[in-house]
J.: 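Before I ask anything, let me first share the structure, which is written out below as C-alpha cells.
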Amino acid sequence: RLGIADMTVLDALAIAYGGGKESRELIERAYNISSDLGRVAKVVAENGLEGIKKFKVMVFEPIRPMLAERLSSPEEILEKLGGKCIAEYKYDGERVQAHKKGNEVALYSRRMERISDQYPDAVELVRRSVSAEEAILEAECVAVDIETNELLPFQELMHRRRKYGVEEAMEQYPVSLFMFDALYVDGRDLTLKAYPSRRTQLENVIKENDRVKPARQIKTGNLKELENFFEEAIEDGCEGLICKSVGTDSVYQAGARGWMWIKYKRDYKSEMTDTVDLVVVGAFYGRGKRAGTYGALLLATYNHESDTFETVTKLGTGFTDEDLKKLPELLRNHIVPRKHSRVESSLTADVWFEPKVVLEVLGAEITLSPIHVCAVDSIRKGSGLAIRFPRFTGKYRTDKKAEDATSSTEVVEMYRNQLKQIGAS
DNA sequence: TTTGTCTGCCCC
DNA sequence: ATTCTGC
DNA sequence: GCAGAATGGGCAGACAAA
C-alpha cells in the first residue's frame, strides 16, 4: 500500500518525468509542502516540471513537519550548531500544525490528520490569539492543570483523543498551546527563511495569553547556560530541549530530519540515566524481519515481599541482529510450559521462562500502567507501573541472579522521584 | 449486560 | 517514540 | 546520512465472548 514508501514513489516520478537529481528536489519539495502524493504525480505527469514549480504553500494544505535529530550532550549540540543556538522547551504533548484563514481554523497532527474536531478549545484559542488573517503555525498542545497552570504528563492529554464525549473531555482535560514556528503568514511563505526570522514573525502574530504562549526559549552559546535551561525544562514537566540552528541556512526542512534541529532529552544523557536490570519471564514471536526468532521479551522486577516477579515492560528494541539470533539459545534452557508460579503477569506470552536471565534496560520514565503489574496498587488502586520508551542497552547482566534484579520497590521510588523533580520549583 | 481482547494511514 | 541495518 | 522496518506504553473504540 502507498504512503510508507512515498520516497520511492518520488524517485520513480523523478526518473519517469524529470530526468535528474534537480527534478527530484523540486518534486520532493512539492510533496513536502502539499503532502499530496497523488496531486504531485498528476501534475508532473500532465504538466511536467513547470507544473511542479507552481506548487505553493497554501492554507489548509498541511506541510510535512520538520523533524529533529538527537544528541546526548550540550557540547556535541553546540559544536554541531556552530557554537550557538536557540534552545526551546520540548513540551510533552501533541504536535499540532494550525491553519487559519479569517475565522476558519484547522488543526493537523504530526501525520497530517485533521484533528480539529478533537480540540474545539484549541481551535478557538487559535482563532482568538492569532492576529494574522492567514497563517500556518506550529505548536505543542499540552494538557494543563487549569488552577495552577502546571503542565501535565502526556498520558493526561491522551484522554482527548476521542470521537465521543469531546465536550466533557474538553472540560476535564484542558490544554494550552505552546507555539514554536511560523511557516506562512498573510500570503508570505516563510519556509525558506532562517529560523530566527520565522520565530520573530511568530511572536508578532500571536496575542499571548494564559493558554497560548510562544515556546519558552533562550539563545545561547554557553554550555553551562544550556545545561541549566535543560534542568529548568525538566522541573517544569518537559521532556527536555530542542536546540535550533540560528544560521542563515536554518530553513524549515519540511519532511526532513536534518541537523538544524537537535533533541536533547534526559534519557540520552548517560550520567543521570535511569537504567534498570530486569528479568526475562516471557517472549513473543517476531514478525517480518524477526520471523523465526523472538520479536519482544516480557520483563519483570523482583518483589522481595511476595518473592515474585512482576511484569513492568515488554522489550523489543535495542537488539542487534546478533542479539536476536542468540536470544532463543540463551533462553532455551529456561523454557517452562506455562507461566512460572513465581511470575505475576496479566499478559499472555507466547513462550514462558523460569526467571533467570537479567538484562539492562534504559527508559525515559515510569508511567502508571493498566496492564503491567509491577507494584500494583501501591501508587493507585488497580494500576501497576511501566517503563516509557524501553530499550535494551546491550548489557547481559550475567553477574546478576534473578533475585538481584531491580525491585518493584525501587521502581516505586523512581516514580516518586520523578514527581518530586517536577514539583521541585 | 458486562467483560475481555484487539486495533489504530493513533499519539508519543 | 527508539534502535538497528542496508543502501 | 537517510529511509525503512522492527519494536515499546497507553488511550478510546470496536467487536467478541461470557
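Since we're looking at a predicted model, the values are computed, not measured. The chains referred to below are lettered A, B, ... by the order of the sequence lines, with proteins before strands, and numbering in each begins at 1.
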J.: What's the CD1-P distance between A/I371 and D/dG9, to the nearest Å?
T.: 5 Å
J.: With no hydrogens and no angle check, is any side-chain donor or acceptor of A/R95 less than 3.5 Å from a backbone partner on A/E140?
T.: no
J.: Over all strands shown, is A/R161 touching base, sugar-phosphate only, or nothing at heavy-atom distances under 4.0 angstrom?
T.: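 Base contact.
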J.: Do the side-chain N or O atoms of A/Y268 get closer than 4.0 angstrom to the phosphate oxygens (OP1, OP2) of C/dT2?
T.: yes
J.: How many whole angstroms separate atom NE2 of A/H372 from atom P of D/dC11?
T.: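 One finds 12 Å between P of D/dC11 and NE2 of A/H372, rounded.
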J.: Would you mind telling me which of D/dA12, D/dG10, C/dT5 lies closest to the side-chain atoms of A/D321?
T.: C/dT5
J.: For the pair A/Y302 and A/F309, name the ring-plane relationship: parallel under 30°, tilted 30 to 60°, perpendicular over 60°.
T.: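 The rings of A/Y302 and A/F309 sit tilted, inter-plane angle from 30° to 60°.
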J.: Using a 4.0 Å heavy-atom cut-off, does A/D92 contact any base of the nucleic acid, only the sugar-phosphate backbone, or nothing at all?
T.: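 It contacts nothing in the nucleic acid.
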J.: Quickly work out the A/L152 CG to D/dG10 P distance and round it to whole Å.
T.: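 These atoms are roughly 17 Å apart.
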J.: Categorize A/R70 for me: base, sugar-phosphate, or nothing, with a 4.0 angstrom heavy-atom threshold over every strand shown.
T.: base
J.: Nearest-Å distance, CG (A/L157) to C1' (D/dG10)?
T.: 12 Å
J.: Among C/dC4, D/dG13, D/dG10, which is the nearest nucleotide to the side chain of A/T320?
T.: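 Selected nucleotide (nearest to the side chain): C/dC4.
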J.: Within the structure, does a side-chain N or O atom of A/T317 lie under 4.0 Å from either OP1 or OP2 of D/dG8?
T.: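 For D/dG8, OP1/OP2 do not have a side-chain N/O of A/T317 under 4.0 Å.
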J.: Under 4.0 angstrom, heavy atoms only, what part of the nucleic acid is A/G286 near: base, sugar-phosphate, or nothing?
T.: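 Sugar-phosphate contact only.
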J.: Measuring from the side chain of A/E94 (C-beta onward, heavy atoms only), which nucleotide among D/dA12, D/dG8, B/dC11 has the closest atom?
T.: B/dC11
J.: Taking only the side-chain heavy atoms of A/K90 (C-beta and beyond), determine which of B/dC12, B/dC11, C/dT2 contains the nearest atom.
T.: B/dC12
J.: Can you tell me the distance, in whole Å, between the CE atom of A/M170 and the P atom of D/dA12?
T.: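 Taking CE of A/M170 and P of D/dA12, I get 17 Å after rounding.
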J.: Taking only the side-chain heavy atoms of A/Q155 (C-beta and beyond), determine which of D/dG1, D/dG10, D/dA12 contains the nearest atom.
T.: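 Shortest atom-to-atom distance from the side chain points to D/dG10.
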J.: At under 4.0 Å between heavy atoms, what does A/E69 touch on the DNA or RNA strands: base, sugar-phosphate, or nothing?
T.: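 It contacts sugar-phosphate atoms only.
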J.: Counting any heavy atom closer than 4.0 Å, what does A/I387 reach on the DNA or RNA strands: base, sugar-phosphate only, or nothing?
T.: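 Answer is sugar-phosphate: A/I387 comes under 4.0 Å of backbone atoms only.
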J.: Measure the spacing between OG1 of A/T393 and CG of A/L359 and express it to the nearest 0.5 Å.
T.: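 If we round to the nearest 0.5 Å, A/T393:OG1 and A/L359:CG are 8.0 Å apart.
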J.: Taking B/dT7 as the reference, what is the distance to D/dT7 when you measure between their P atoms (whole Å, please)?
T.: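 About 13 Å, rounded to a whole number of Å.
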J.: Between A/R29 and A/E25, does a salt bridge (Lys or Arg N to Asp or Glu O under 4.0 Å) hold up when you go through it step by step?
T.: CA-CA 6 Å; A/R29 171 157 171 88; A/E25 277 169 23; over 6 Å; no
J.: How would you label the contact of A/F392 with the nucleic acid (heavy atoms, under 4.0 Å): base, sugar-phosphate, or nothing?
T.: nothing
J.: Quick one: is the NZ or CZ of A/R198 closer than 6.0 Å to the six-membered ring centre of A/Y252, and within 45° of its axis?
T.: no
J.: Given atom CG of A/L71 and atom C1' of D/dG1, what is their separation to the nearest angstrom?
T.: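 Nearest whole value for this atom pair: 14 Å.
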J.: Any side-chain N or O of A/Y164 under 4.0 Å from OP1/OP2 of D/dA14?
T.: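 For A/Y164, the contact criterion (side-chain N or O under 4.0 Å from OP1 or OP2 of D/dA14) is met.
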J.: Pick the nucleotide of DNA chain B nearest each of A/S346 and A/F389; which residue has the one closer to the 5' end?
T.: A/S346
J.: Quote, to the nearest angstrom, the C1' distance that separates D/dC2 from B/dC12.
T.: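 Going atom to atom, C1' in each nucleotide, I get 22 Å.
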J.: How are the rings of A/F229 and A/Y89 set relative to one another: parallel (under 30°), tilted (30 to 60°) or perpendicular (over 60°)?
T.: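 If you compare the ring of A/F229 with that of A/Y89, the planes turn out tilted.
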J.: Considering just the side-chain nitrogens and oxygens of A/T8, establish if one lies under 4.0 Å of OP1 or OP2 belonging to D/dG4.
T.: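 Looking at the OP1 and OP2 atoms of D/dG4, one of them is under 4.0 Å from a side-chain N or O of A/T8.
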J.: Just N and O in the side chain of A/K163: are any of them under 4.0 Å from OP1 or OP2 of D/dG13?
T.: no
J.: Looking at every strand, decide which applies to A/G363 at a 4.0 Å heavy-atom threshold: base, sugar-phosphate, or nothing.
T.: nothing
J.: If D/dG9 has a Watson-Crick or G-U wobble mate with both distances under 3.5 Å, name it; if not, just say none.
T.: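 Answer to the pairing question: B/dC11, which forms a Watson-Crick or G-U pair with D/dG9.
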J.: On DNA chain C, compare the nucleotides closest to A/P390 and A/E322; which residue's is nearer the 5' end?
T.: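 Nearer the 5' end of the strand: A/P390.
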J.: For A/T313 and D/dG9, is the shortest distance between a side-chain N/O and OP1 or OP2 below 4.0 Å?
T.: yes
J.: Choose from D/dG13, D/dA6, D/dG10 the nucleotide whose nearest atom is closest to any side-chain atom of A/S369.
T.: D/dG10
J.: Is a donor on one side and an acceptor on the other found under 3.5 Å between the side chain of A/E410 and the backbone of A/S407?
T.: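 Here the side-chain-to-backbone pair exists.
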J.: In whole angstrom, what separates A/E113's CD from B/dC12's C1'?
T.: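 It works out to 15 Å between those atoms.
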J.: Would you please confirm or rule out a distance under 4.0 Å between OP1 or OP2 of D/dG10 and any side-chain N or O of A/R388?
T.: no
J.: Would you kindly give the OH-to-P distance between A/Y91 and B/dC11, to the nearest whole Å?
T.: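 To the nearest whole Å, that distance equals 22 Å.
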J.: Given D/dC11, B/dC11, D/dG4, which nucleotide is nearest the side-chain atoms of A/K289?
T.: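 Nearest nucleotide to the side chain: D/dG4.
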J.: Are OP1 or OP2 of D/dT7 and a side-chain N or O of A/R391 less than 4.0 angstrom apart?
T.: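 Checking D/dT7 against A/R391, no side-chain N or O comes under 4.0 Å of OP1 or OP2.
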J.: Exactly one of A/E310, A/E344, A/H304 should register a side-chain hydrogen bond (donor to acceptor under 3.5 Å, both in side chains) with A/S408. Which one does?
T.: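 Filter result, single survivor: A/E310.
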J.: Heavy atoms only, 4.0 Å cut-off, all strands: where does A/L368 land among base, sugar-phosphate and nothing?
T.: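 Result for A/L368 = sugar-phosphate.
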